[in-house]
A.B. asks: 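The structure that follows is given in the form of structure tokens.
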Amino acid sequence: MRPFTLNYAVPIGLPPVVTPYHFDASRQLNVLPDGRPAVSDPELLLALGTTTSTAGSATHFDD
């Protein structure tokens, strides 16, 4: 049996997410394009909240 709401729900695509930092495996932390640790940028932290790493545990925070 198909739920009633699924007859009318239209899936929408999520907008692509571009993060202003990347994970540096040698340093084991997220870094900005200029090489500074991502947690050293207060504006970035205010905008994103955290700089959660995708390496290892999803609950590990770099800050």
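For clarity, every value in this text was computed on a predicted model and none was experimentally measured. Sequential numbering from 1 along the given sequence is applied to the chain's residues.
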A.B. asks: Decide yes or no for His22 and Asn30: does some side-chain heavy atom of the first lie under 4.5 Å from some side-chain heavy atom of the second?
C.D. replies: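 The answer is no; the side chains never approach within 4.5 Å.
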
A.B. asks: Below 4.5 Å, heavy atoms only, C-beta onward: do Pro20 and Leu44 meet side chain to side chain?
C.D. replies: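 The answer is yes, as the side chains (C-beta and beyond) meet within the 4.5 Å cut-off.
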
A.B. asks: Mind listing the closest non-hydrogen atom pair of Val39 and Leu45 along with its distance?
C.D. replies: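 Answer, listing the atom of Val39 first, then Leu45: O-CD1, 3.4 Å.
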
A.B. asks: Is there a side-chain contact between Arg36 and Val31 (heavy atoms, below 4.5 Å)?
C.D. replies: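 Not touching, per the 4.5 Å side-chain cut-off.
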
A.B. asks: Looking only at heavy atoms, which two atoms of Phe23 and Leu29 are closest? And how far apart?
C.D. replies: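 Heavy atoms of Phe23 and Leu29 come nearest at CE1-N, 3.6 Å.
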
A.B. asks: To the nearest 0.5 Å, how far apart are OG1 in Thr19 and CG in Leu32?
C.D. replies: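 That separation rounds to 10.0 Å.
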
A.B. asks: Could you tell me which non-hydrogen atom of Pro37 sits nearest to which non-hydrogen atom of Ser40, and how far apart they are?
C.D. replies: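 Looks like O-OG, 2.6 Å.
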
